Each structure stands twice: as C-alpha cells, then as structure tokens.
Number of protein chains: 2
Amino acid sequence: MAKGNLPKLHSDFSVDCVIFGFDDEELKVLLVERNEPPFKAWKAIPGNLVYDQEDIDAAAERVLYELTGLHNIFLEQFYSFGSIDRHPQGRVITVAYYSIIKRNDNGLHPVSGYAKKAYWWPADNIPKLAFDHNEIVDKALQTLRHKISYEPIGFELLPEKFTLTQLQHIYEAILQKRIDKRNFRRKMLSYGLLTELNQKQKGVSHRAASFFKFNKSRYRSLKKKGFIFGLR
Amino acid sequence: MAKGNLPKLHSDFSVDCVIFGFDDEELKVLLVERNEPPFKAWKAIPGNLVYDQEDIDAAAERVLYELTGLHNIFLEQFYSFGSIDRHPQGRVITVAYYSIIKRNDNGLHPVSGYAKKAYWWPADNIPKLAFDHNEIVDKALQTLRHKISYEPIGFELLPEKFTLTQLQHIYEAILQKRIDKRNFRRKMLSYGLLTELNQKQKGVSHRAASFFKFNKSRYRSLKKKGFIFGLR
DNA sequence: CTACTTAGTGTATATTTTACACTTTAATTT
DNA sequence: AAATTAAAGTGTAAAATATACACTAAGTAG
C-alpha cells in the first residue's frame, strides 16, 4: 500500500460519511474519537474500505448503519476526495456522503465497536480533525446549506410530526440567519405540502403548538413537474 | 482485475470527463467513438486510469488536455459512479467531471491518439453510449442546468468578448426555455458585472451588436459576500 | 387569578418578475 | 439610392413575491 516509485493502476478507496443531526437548538455533526496510533484525534465519520462486491452507495449505507444502527436514512453522495497525500498510510481516494438523521432521546445504537466513541459537535465549531476531514466536513456543510435552498431536507432532521417552530429553527440553524416567524409560516404553508394534524404539544408550560406532517409523496410528484421547495 | 470471490481491499478507478460546448445554436456534448472490442459504440469522454502519483483533479485536467489540447478550462467534479457492474472488465469506480469549453473554429487539437475520433452531439439527443455513460452524461447535464441558476457558468462557453444575444442563447439552450430579450438584458446588466466595450460586430447583415465582457474578478469578490449570479 | 412563555395571526410597502411592440442600424437587394 | 431584410436595442404597467413589523391567544406554573 505504500506509494511505489512506478505508477500503479489501482488505489485503495473508501467511503466517508458526515452525519448531521439537530437537537432543537443547533445543527450538530457526529464525530468519532480516533484512538489508533500514531495519534489521537477527532475525525469525521469513519470511512470504510469498500469491497469488490459492494456498490459504493451500499457501502455508505453499511457505514452509516454500523455507526448509528439506523437504516433507510437520508444519505447522499456529495464529493470525492483524492489528493495524493490526503491519507498518511498511502493513496486512499474517498467518496464522501452526508446523512441527515432524526435525533431521538434513545441515542444511537452503534453496531460495530469502533463506533462506540461518537459524540455530537456543533456544526459551527468543529475541532481540528484527522487527515483532510475538516475539508470534508466543510464541504458537506456547504452542500447542506445550498441544498436546503431548493429541496425540503429540513424534514429529515425532524420526527414525523413536528411544529412549525421546530422547522423554523432548523432553517435558521442551517442558513445561519434569523427568519421572521410570520413570513416563514406563510411561505412554508403556501406550498400546500404541510398537513396540520389534530394534535398539539402536551406538557409545555405555554400555549401548545400544532403538529404538522410533510406530504412527501405529493412533494415528489410536484418536483417532477419542476416545482422547487426551498428558502433562501 | 477480474472480480475475485474474496473481498479485495482495492479497486481500479478512473476519471471521466463530460465536455460541453456551444455552437451559437445549441448545447453540445463531445463524444468519442469507441472502437475496442468487444463492441463498437459511442461513449462519453474517456475515462483514464489514475496513477498513484496524481491527484484526481490533476488526472481530470490531463484527460481533458489529451482530448482537446486545452489547459486552464472550467472543470469541476460532480459525482462518482461506483456500481459493481458498471464496467464489463471489472470493478472500476469513476470520479466524473464536467467541463465547459469555448468552441472556436480551429476545432480541437487532441494530443493523444485515442481522442482523434471525437464529435459534438446535441445535448438533448445523445445516442446510446457504452457502459453507464448515458447515466453519467445525464447527471452532468442536470448539474449544469442546476448550476447555471446560481453561478455565471454561461460565460465559460463564450469567448472573452460576446454579445448579449449570444449569452441569452446559452441560457435558453441550457435552461431549455425561451427568455424575453428585454427582461434578460435588464437582469444581466443589473448585476453590474458586464462591461460594454467600444466594439461592435462586423460583417453582419443587420444592425451590429455591441460586445461585452464579464468582470470575473469583481464577481469573485461579490460572491464572497454572498452575492448570487443566476437565472431561473 | 396573575404572571409567564410561546403560538398564532394581518397588513402595508418595497422589490422583483413578467408580459408586451416598436424604433434603430447595418448590410443586401433591386 | 431607395427599398428590403434582419437582428439590436429600448420602457412601462401589472402581477407576484418578499419584507417589515406588533399584538392577541392559549396553556402552565406559581
């Protein structure tokens, strides 16, 4: 695996997965503690080498599952990183994915051992990471921030039923700006894709908010006709 | 290189490059004729295996140079394709780039032999291509169509000096819709990024159009402040 | 029953987008 | 040299969208 003096016609490669979550306050990124020599550091979500029998999308799903115990999660490839010297152990090209998950209070259920030491970090305050992982997380963040302006990915961070205030907080956290409550609600409701449920919050010490759900299948059919769901 | 029965920890990989051009009428894609057995077909721009000593971006630039004789061209990675069976000769993951070039009447000056048989095809009428190259070209087109809505990539298809009508034709070709001339001009000029030159077309049998140039450095500084140049 | 906290709502103004048709200029034709 | 042809270049009104802004409603806690 060490770099040879003659060109080799193959390289190792891996998938990396940047995982975003939201805790009702701010956007978070899941980072794992790297304990292997030669140094100890945080790193972005583990890459995994990909095997010959596995599509890269499937490899990314596997990595995500091993870390979180979750299946059927929003997961999208966003860039591949291939500088010669990006990895100290030799040439490793990585195909990077980002994932957006709903954080529930049960926490994560990692399947494999290496994923045990994973913690959420504020997206706007990422520590120094191993290798080129800061670059990867940055690009994932850029992608997420851009994407929310033309696709309804905010809902991926929320449970099935959510309040408009929760949704607004997500847009504010991702777009990094304050949004007017009335204008936000008007805009979101104008698309006709949110259904108000006959349910309200319980146990809150103030007026209870209505729950809504997002009509995903209706969105998909509108999207085919050129409709854009987004907010700048 | 054939698929083994046991997992291998590496795979071959390549870069592919989808090249767009514009001939004052429509958007074109450069395709090369594939003559190697076992079959003959058009394919998207040649992938090339990447060597251990080469960054993937550099490899893409090299491929582009070999095909066109051009350097310093718009070139951007957009997706990686890694299905197990995408290539008949075994597992090859490819990092795909798209490029936008100015077509001048000199034509192309391919450097390497394999690129001699390259022809421009209308982007909306691509023939059946080898491997998964139709998928790759489709995704490149989607990327281009999306990108033009928030970045001034149209200028990459034009010479230094261009008329507003040329520019409009590019937007129409890429966005696949008619645009009102007055509204288009007003919008484009409103950004303050086009400088009208003291030069006009010559030898045209109608009123001669003014030439303009695009102020790229000014655009870059505006972009840093959050400015978006685009058209939907 | 009072205080506290967040949910929920309307309107006026500014900005942006859209739709639309004629005059100007240069070369070519007669 | 006058008429024809072809694309360049230009303004305005209406519609749609985005923005700015402040109070009332409802539920809980004390």
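Every chain is numbered from 1 and lettered A, B, ... according to where its sequence line falls, protein lines coming before strand lines. In this text the structure is predicted, and so the values were computed from the model without any measurement.
Considering only side-chain N and O atoms, Lys187(B) lies nowhere under 4.0 angstrom from the phosphate OP1 or OP2 of dT16(C).
A donor N or O paired with an acceptor N or O is found under 3.5 Å between the base of dT12(D) and the side-chain atoms of Arg186(B). Side-chain atoms of Lys200(A) and base atoms of dG27(D) include no donor and acceptor less than 3.5 Å apart. Remark: the Arg207(B) side chain and the dA7(D) base include no donor-acceptor N/O pair separated by less than 3.5 Å.
In the set dA7(C), dC21(D), dA18(D), the nucleotide with an atom closest to the side chain of Asp180(A) is dC21(D). When the nucleotides dT19(D), dG8(C), dA18(D) are ranked by their closest atom to the side chain of Ser210(A), dG8(C) comes out on top. The nucleotide whose nearest atom lies closest to any side-chain atom of Arg182(B) is, among dA26(D), dT28(D), dT10(D), dT10(D). Looking at the side chain of Arg185(A), the nearest of the listed nucleotides dG10(C), dA27(C), dG8(C) is dG8(C). Listed candidates were dT6(C), dG11(D), dA8(D). Nearest to the side chain of His206(A) is dT6(C).
Note: CG (Leu194(A)) to P (dG8(C)) measures 13 Å, nearest angstrom. One can place CD of Gln201(B) at 7 Å from P of dA8(D), the figure rounded to the nearest angstrom. Separating the CZ atom of Phe212(A) from the P atom of dA7(C) is a distance of 11 Å, rounded to the nearest angstrom. In this structure, CG of Leu167(A) is placed 13 Å from P of dG8(C), rounded to the nearest angstrom. A straight line from NE2 of His169(B) to C1' of dA8(D) spans 11 Å, rounded to a whole angstrom. Per the geometry, CG belonging to Leu189(A) stands 10 Å off P belonging to dG8(C), to the nearest Å. For the pair Lys181(B) NZ and dT23(C) C1', the computed distance is 11 Å after rounding to whole Å. One atom, CZ of Phe184(A), and another, P of dT17(D), lie 18 Å apart when rounded to the nearest Å.
Taking the six-membered ring for Trp and the full ring otherwise, the centers of His146(B) and Tyr150(A) sit less than 6.0 Å from each other. Taking the centre of each ring, Phe214(B) and Phe162(B) stay at or above the 6.0 Å mark.
Side chain to side chain, Tyr98(B) and Glu76(B) meet the donor-acceptor criterion of an N or O pair below 3.5 Å.
Of the two residues contacting DNA chain C, namely Ala208(A) and Val204(B), the nearest-nucleotide position lying further toward the 5' end is that of Ala208(A).
The side-chain tip of Lys139(B) points at the ring of Tyr79(B) from less than 6.0 angstrom away and within 45° of straight on.
Residue Thr165(B) is classed as a sugar-phosphate contact, given heavy-atom separations below 4.0 Å to backbone atoms only.
Inter-residue side-chain proximity for Arg145(B) and Gln176(B) is flagged as met; some heavy-atom pair is nearer than 4.5 Å.
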